[in-house]
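Any value given below was found using the heavy atoms of this structure, including those in side chains, with hydrogens, waters and symmetry copies removed. Protein chains get the first letters and strands the later ones, always in sequence-line order, with residue 1 at the start of each.
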Number of protein chains: 4
Amino acid sequence: MVARSEQSRQAILKATMDLLDERNPEALSVRKLSIEKIAQEAGVSKTTIYRWWSSKAEVVLDTILDNHLARTPVRTDLPALDALREHLASLATVYAGWEGRLMAQLIGECQSDPEAMRIFHERFFEPRSRTAIAIVERAVEEGTLGSDIDVETVTETLYAPLYFRLLLHIGEIDRAFTDALIDSALLGIAPGSAPAARDH
Amino acid sequence: MVARSEQSRQAILKATMDLLDERNPEALSVRKLSIEKIAQEAGVSKTTIYRWWSSKAEVVLDTILDNHLARTPVRTDLPALDALREHLASLATVYAGWEGRLMAQLIGECQSDPEAMRIFHERFFEPRSRTAIAIVERAVEEGTLGSDIDVETVTETLYAPLYFRLLLHIGEIDRAFTDALIDSALLGIAPGSAPAARDH
Amino acid sequence: MVARSEQSRQAILKATMDLLDERNPEALSVRKLSIEKIAQEAGVSKTTIYRWWSSKAEVVLDTILDNHLARTPVRTDLPALDALREHLASLATVYAGWEGRLMAQLIGECQSDPEAMRIFHERFFEPRSRTAIAIVERAVEEGTLGSDIDVETVTETLYAPLYFRLLLHIGEIDRAFTDALIDSALLGIAPGSAPAARDH
Amino acid sequence: MVARSEQSRQAILKATMDLLDERNPEALSVRKLSIEKIAQEAGVSKTTIYRWWSSKAEVVLDTILDNHLARTPVRTDLPALDALREHLASLATVYAGWEGRLMAQLIGECQSDPEAMRIFHERFFEPRSRTAIAIVERAVEEGTLGSDIDVETVTETLYAPLYFRLLLHIGEIDRAFTDALIDSALLGIAPGSAPAARDH
DNA sequence: CGATAAACGAGACGGTACGTCTGGTCTTGTG
DNA sequence: CACAAGACCAGACGTACCGTCTCGTTTATCG
């Protein structure tokens with residue numbers, strides 16, 4: 001009879017983001033964030049949070065994902081290979097900062113919370129994956145990638161190193177890195193494959 | 001003056017492994033594992049655990065890593081490219097089972113525990129990384145990989161998809177997958193980098 | 001908004017009393033009593049105890065005092081000197097048993113817990129002291145005690161030996177003792193203050 | 001074969017006193033004092049303390065009592081009633097300060113440690129009690145106290161209020177108080193007993 | 001327009017685990 | 001062989017959150 005309070009929902013998401021935002025001097029890790037603190041910060045009762053989300057991880061998912069997807073769009077106004085390059089670069093830019101650390105922590109939390117992992121897939125991985133595969137397919141159609149490649153494996157191979165660095169805390173995450181990934185993949189690593197591919 | 005009790009140390013590591021081992025019907029996730037339970041299972045006091053480890057994550061690191069490294073050795077009796085292929089395949093085999101889930105949870109925990117991440121690097125990532133880079137270098141020397149490749153990037157590119165699948169819970173982790181990774185990398189993805197370019 | 005659970009309160013006080021009651025074969029001293037055990041025995045969480053009491057001593061105070069005051073009332077239906085005699089005798093009776101040992105332990109605990117001592121004064125000593133002084137005043141009014149005595153000092157002098165025996169674990173605590181106290185005080189100890197001086 | 005180290009014994013007693021002495025800014029209550037801290041302060045191992053004493057209370061007893069008895073001697077160069085008055089006054093002086101608080105805490109500890117209480121009796125209460133009774137007996141012999149008094153009860157009555165104030169944290173502990181005790185006891189409290197006794 | 005039912009804040013509750021502290025015992029050299 | 005050093009088991013401490021559960025108290029339709 002009484003509709004869900006949009007005001008509470010917003011307050012909860014905002015409180016969560018504020019508590020996680022590293023620009024806030026008292027920011028918390030996802031681990032140290034608690035439903036109790038969110039409720040307090042949002043001026044909302046715990047009951048209200050539990051009514052609409054079933055765990056901390058899900059609140060964090062809701063808080064982070066829409067924002068993240070909006071910030072790393074795929075461009076449709078460019079040739080596919082360039083769009084791919086731009087997309088990887090934009091991901092690198094975002095992941096290099098505090099949102100990257102957040103995403104890493106979120107994926108970390110999902111490792112021991114199957115329901116959160118399910119939502120992560122549904123809300124993040126699957127749409128993103130479809131989008132990425134679509135660009136690679138378009139690049140094949142445009143003739144800038146070989147027609148005999150296994151699109152899904154190649155897509156995975158291009159994005160994986162980004163998440164590898166993000167989750168294993170190695171090296172830089174920047175455009176130089178993502179560009180190198182694409183270039184390296186284009187050439188292949190077999191001896192002699194380079195020169196041939198290179199001149200055209 | 002009084003030496004550390006090796007007996008206690010072993011009991012703690014064994015208890016931790018038993019509590020995490022999914023073949024045990026009452027197994028726990030890394031998240032639900034607690035210092036308290038380890039102490040109880042090991043017949044040891046909490047003090048003794050805290051004396052030698054500073055967090056649950058570090059106990060788990062100690063428990064898992066040595067065992068894992070021992071189970072996924074790099075073969076030196078094979079040509080480098082074959083050794084690489086075998087190593088990726090052995091990783092896939094291990095990561096496909098409960099030890100993979102454990103490793104994923106462990107990396108997950110490290111996301112919000114910088115000290116644990118530091119130890120993970122020191123104990124796992126860096127030795128492993130050096131070993132992997134060494135095989136790739138050997139393959140270059142043996143002439144089975146191109147001499148102009150960026151060894152470090154290529155190595156990362158070969159291993160990353162394995163961890164991507166492990167941590168994002170996508171697809172199968174098996175030899176078919178790791179073999180495909182190597183084959184795909186060898187060929188490259190540019191149009192025309194196909195068989196013709198490869199042979200001679 | 002949610003009222004305190006009277007049920008929990010009662011369960012905690014009862015559990016405390018049960019654990020301290022020497023008729024219980026596994027009874028504990030106040031020292032060995034712990035919040036943890038009370039919580040367990042009462043089927044209540046530690047949080048609930050800490051929510052309403054700030055230390056073990058305060059729980060014990062709450063448990064003992066009301067009961068004790070109820071068991072050693074001052075009679076108003078007797079002449080004041082007789083009421084005083086009866087009150088001392090009833091204290092002796094109670095203090096001779098396990099409740100006496102409890103009271104002694106409680107006072108013992110308060111020696112190193114100023115807040116508990118403050119509560120002991122507020123809840124026990126001050127009301128009791130006022131009551132006792134009032135009887136002595138009434139006895140003066142009734143003419144059974146001298147009109148020139150210092151009421152407060154005399155009251156203290158009459159009750160002190162009871163606590164002396166209780167706390168220093170000396171001698172018997174019984175009616176013979178308390179009657180002797182009153183008789184001795186009545187007579188005085190100066191030579192010649194004997195019967196001759198008293199009558200007329 | 002190796003004799004008890006008198007040096008260790010002294011170091012332990014001194015450390016205990018230092019840790020309890022309120023003139024030391026970091027002084028501890030008897031409760032917060034621990035064998036561990038004494039060992040540390042004395043530069044001695046816990047084992048050594050446990051070898052010679054069986055609890056914290058006993059160490060404290062050893063530390064305090066000799067000193068205390070030496071500081072509150074009974075004078076033999078005065079008429080007994082004056083010696084009694086002086087003794088009570090000297091006790092009041094000592095008990096008014098930090099040694100009083102210590103003694104109170106010590107007696108408090110003994111409430112839940114029968115062995116400590118036994119030692120307290122043996123080392124403190126019994127000798128002290130015999131001494132006190134002896135003065136009162138001497139006063140009777142000298143004719144300054146009535147010959148018909150019950151010496152033990154009277155002695156107890158005179159000293160009890162001091163300990164009452166000490167242990168219940170009431171009122172002042174000073175010479176005015178102890179003098180009032182003796183005067184009040186001398187006169188008695190029965191109506192009319194005062195005038196008769198007073199003039200002679 | 002007043003009834004009513006959901007959503008809400010507040011927060012008490014039984015729990016689990018935390019990381020710290022002490023107590024008292026046991027072990028291993030050293031002098 | 002007394003001792004120091006200190007590791008060890010045991011278990012209580014007080015705190016933080018968990019997720020559940022009343023409680024009134026809004027508040028927004030719907031009869």
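- Side-chain atoms of D:R51 lie closest to F:dC3 of the nucleotides F:dC3, F:dG14, F:dC8.
- For a distance-only test at 3.5 Å, the side chain of C:S34 fails to qualify as a donor-acceptor partner of the base of F:dG11.
- A:T47 contributes a side-chain N or O that forms a donor-acceptor pair with the base of E:dA10 under 3.5 Å.
- Here the CD atom belonging to B:Q40 is positioned 13.0 Å from the OG atom belonging to B:S45, to the nearest 0.5 angstrom.
- The side chain of D:I35 sits closest to E:dG23 out of E:dG14, E:dG23, F:dC8.
- Separating the NZ atom of C:K32 from the C1' atom of F:dA10 is a distance of 14 Å, rounded to the nearest angstrom.
- In this entry the distance linking CD of B:E41 with C1' of F:dC9 reads 17 Å, nearest Å.
- With D:W52 as the aromatic partner, D:R9 does not meet the cation-pi criteria of under 6.0 angstrom to the ring centre and within 45 degrees of the ring axis.
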Report task. Output, in order, the C-alpha distance, side-chain angles, deciding distance and verdict of side chain to side chain contact (heavy atoms under 4.5 Å, CB included) for C:L102 and C:L106. Result -> CA-CA 6 Å; C:L102 257 189; C:L106 177 57; over 6 Å; no
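- Rounded to an integer number of Å, the gap from D:R31 CZ to F:dC13 C1' is 13 Å.
- When the C1' atom of E:dG23 is taken as reference, atom CD of D:E58 falls 15 Å away, rounded to whole Å.
- When heavy atoms are screened at a 4.0 angstrom cut-off, B:R4 is found touching the sugar-phosphate backbone but no base atom.
- A residue-by-residue look at C:S8 and B:K56 shows that C:S8 has its nearest nucleotide of DNA chain E further toward the 5' end.
- Residue C:E6 is the one, among C:E6 and B:E36, whose nearest nucleotide of DNA chain E lies closer to the 5' end (criterion: closest heavy atom).
- Rounded to whole Å, atom P of F:dC9 lies 15 Å from atom OH of B:Y50.
- Looking only at side-chain heavy atoms (C-beta outward), C:T48 and C:R51 come within less than 4.5 Å of each other.
- Comparing E:dA12, E:dC8, F:dA4 by their nearest atom to the side chain of D:T48 picks out F:dA4.
- One interatomic measurement links the two molecules: CD1 of A:I49 to P of F:dC17, which rounds to 13 Å at whole-angstrom precision.
- Contacts of D:K37 with the nucleic acid, taken as non-hydrogen atoms under 4.0 Å apart, involve only primed sugar atoms and P, OP1 or OP2.
- When each of F:dA10, F:dC3, F:dC13 is scored by its nearest atom to the side-chain atoms of B:S45, the top-ranked nucleotide is F:dA10.
- By the 4.0 Å N-to-carboxylate-O rule, B:E109 lies close enough to A:R31 to be salt-bridged with it.
- Rounded to an integer number of Å, the gap from CD1 of A:I38 to P of F:dA16 is 17 Å.
- What separates CD of A:Q40 from P of E:dC8 is a distance of 19 Å, to the nearest Å.
- A:K46 comes within contact range of at least one nucleobase, with a heavy-atom separation under 4.0 Å.
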Requested in this report: Evaluate the criterion side chain to side chain contact (heavy atoms under 4.5 Å, CB included) for residue pair B:E99 and B:N67; output intermediate values, then yes/no.
Outcome: CA-CA 10 Å; B:E99 287 176 85; B:N67 175 267; 3.2 Å; yes
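- Residue D:W53 places no side-chain N or O under 4.0 Å from the OP1 or OP2 atom of E:dG23.
- For the pair B:W52 and F:dG6, the criterion of a side-chain N or O lying under 4.0 Å from OP1 or OP2 is not met.
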